[in-house]
K.L.:
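Let me give you the structure first, and then I'll get to my questions.
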2 protein chains.
Amino acid sequence: MKTYSIGEVAKELNLTVYTLRYYDKEGLMPFVERTPSGTRLFKESDISALRIIECLKATAMPIKEIKSFIDWCSDGDSSLQQRYEMFMERKAIVEAQIEELQKTMEVIEHKCFYYKVALDAGTEDIHKKDKNEISLPN
Amino acid sequence: MKTYSIGEVAKELNLTVYTLRYYDKEGLMPFVERTPSGTRLFKESDISALRIIECLKATAMPIKEIKSFIDWCSDGDSSLQQRYEMFMERKAIVEAQIEELQKTMEVIEHKCFYYKVALDAGTEDIHKKDKNEISLPN
DNA sequence: ATAATCCTTATAGTTAACTCTAGGTCAAGT
DNA sequence: ACTTGACCTAGAGTTAACTATAAGGATTAT
């Protein structure tokens with residue numbers, strides 16, 4: 001069976017070897033086998049697992065929680081319910097993240113427009129409402 | 001003109017007073033005025049500015065870059081081009097973030113389905129392909 | 001055979017963004 | 001007058017996630 005070195009995997013996943021070893025130290029890669037001398041041998045399935053880890057990271061899941069998931073995977077079928085719930089929770093989180101980004105996008109686009117207008121006018125004053133504020137009599 | 005204390009602003013924006021003072025220390029709030037004794041007095045316009053800062057933070061913009069924007073604002077019309085370009089860049093970044101989250105969502109949804117099926121079957125083995133791998137003759 | 005280039009561990013350092021503590025000031029209520 | 005609670009600064013501490021260094025072992029290329 002074809003295996004890959006840590007350097008090859010790092011290149012493939014756009015990570016550094018430092019990062020991969022850090023993940024291993026944090027318990028995210030208990031499945032990776034070693035040569036008798038200690039060198040890690042990554043299988044295709046290990047790379048797939050790392051892709052899932054990267055996916056969970058993209059949902060802003062902390063590494064400690066990802067570790068729980070990895071531990072559950074090692075536990076086998078008894079943790080199926082937990083793993084299912086975890087992914088459902090992740091789904092809700094990503095939905096919320098997308099929604100927040102869409103709201104952010106609206107503000108950003110408004111600002112793009114605001115500055116386009118100001119730039120064309122040469123001054124931001126173009127946006128200053130001259131709403132004739134009542135000046136206090138004095 | 002109505003003003004607000006740091007505590008009121010913190011509550012309004014769902015931040016802590018520590019965070020607001022930290023932002024001030026980092027130069028994000030040069031516009032906030034003080035009483036003679038040093039207490040910060042936030043105006044409505046200051047709160048609006050903080051909402052923009054929160055919006056930029058939501059695009060994963062580092063505080064140092066947000067500071068540059070605040071500095072440009074103080075510079076007036078001469079920085080209009082830079083501010084316009086900054087928001088256009090932010091727009092591109094948010095688009096990319098949304099796209100990445102949508103790809104992430106596809107994977108997560110697939111996993112939700114995967115675990116739903118496994119849970120119904122009572123075992124993850126339901127997904128194991130029995131693709132008759134050619135066993136080596138020995 | 002030997003140099004280059006991998007790999008290993010253990011451990012220390014970095015960075016961003018808070019988060020808190022200590023020690024003090026100030027304004028309002030009893 | 002005095003206590004309470006919110007404000008202030010300076011500076012220290014925390015956390016997550018890397019990122020790098022040192023010292024050495026293993027593998028590959030000439």
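The shown structure was predicted, so the numbers you read here are calculated from the model rather than taken from an experiment. To find a chain, count down the sequence lines: A is the first, B the second, and so on, and within it residues start at 1.
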K.L.:
Output one letter per nucleotide in nucleotides 2-9 of chain C: B when a protein non-hydrogen atom lies under 4.0 Å from the base, S when only the sugar-phosphate is that close, - when neither is.
P.N.:
-----SBB
K.L.:
I need the minimum non-hydrogen distance between B:Ile70 and B:Gly27, along with the two atoms involved.
P.N.:
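Smallest interatomic distance, heavy atoms only, reads CG2-O, 3.9 Å.
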K.L.:
Would you compute the distance between atom CD1 of B:Ile93 and atom CZ of B:Arg90 and round it to the nearest 0.5 angstrom?
P.N.:
3.5 Å
K.L.:
For the hydrophobic clusters of this structure (ILVMFWY residues joined by side-chain heavy atoms under 4.5 Å, transitively), does one cluster hold both B:Leu41 and B:Ile47?
P.N.:
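No, B:Leu41 does not connect to B:Ile47 through the hydrophobic network.
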K.L.:
With no hydrogens and no angle check, just 3.5 Å: does a side-chain donor-acceptor pair link A:Glu85 and B:Tyr115?
P.N.:
no
K.L.:
Does A:Phe113 have A:Lys116 sitting over its ring (NZ/CZ under 6.0 Å from centre, angle to axis within 45°)?
P.N.:
no
K.L.:
Consider only side-chain N and O atoms of B:Ser45 and B:Ser48, and report whether a donor and an acceptor are under 3.5 Å apart.
P.N.:
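Absent: no donor and acceptor within the cut-off.
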K.L.:
Under a 3.5 Å threshold, yes or no: a donor from one side chain and an acceptor from the other, between A:Lys67 and A:Tyr23?
P.N.:
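Judged by distance alone, the side chains do not pair up.
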K.L.:
Would you mind building the protein contact string for nucleotides 12-21 of chain C? One character per nucleotide, 5' to 3', B for base within reach (heavy atoms under 4.0 Å), S for sugar-phosphate only, - for untouched.
P.N.:
----SBBBBB
K.L.:
Whole-Å distance between D:dA17 P and A:Leu56 CG?
P.N.:
13 Å
K.L.:
May I have the distance from A:Leu41 (atom CG) to D:dA26 (atom P), rounded to whole angstrom?
P.N.:
15 Å
K.L.:
If you look at every heavy atom in A:Lys91 and B:Met105, which pair is closest and at what distance?
P.N.:
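In terms of heavy atoms, the two residues are closest at O-CE, 3.6 Å.
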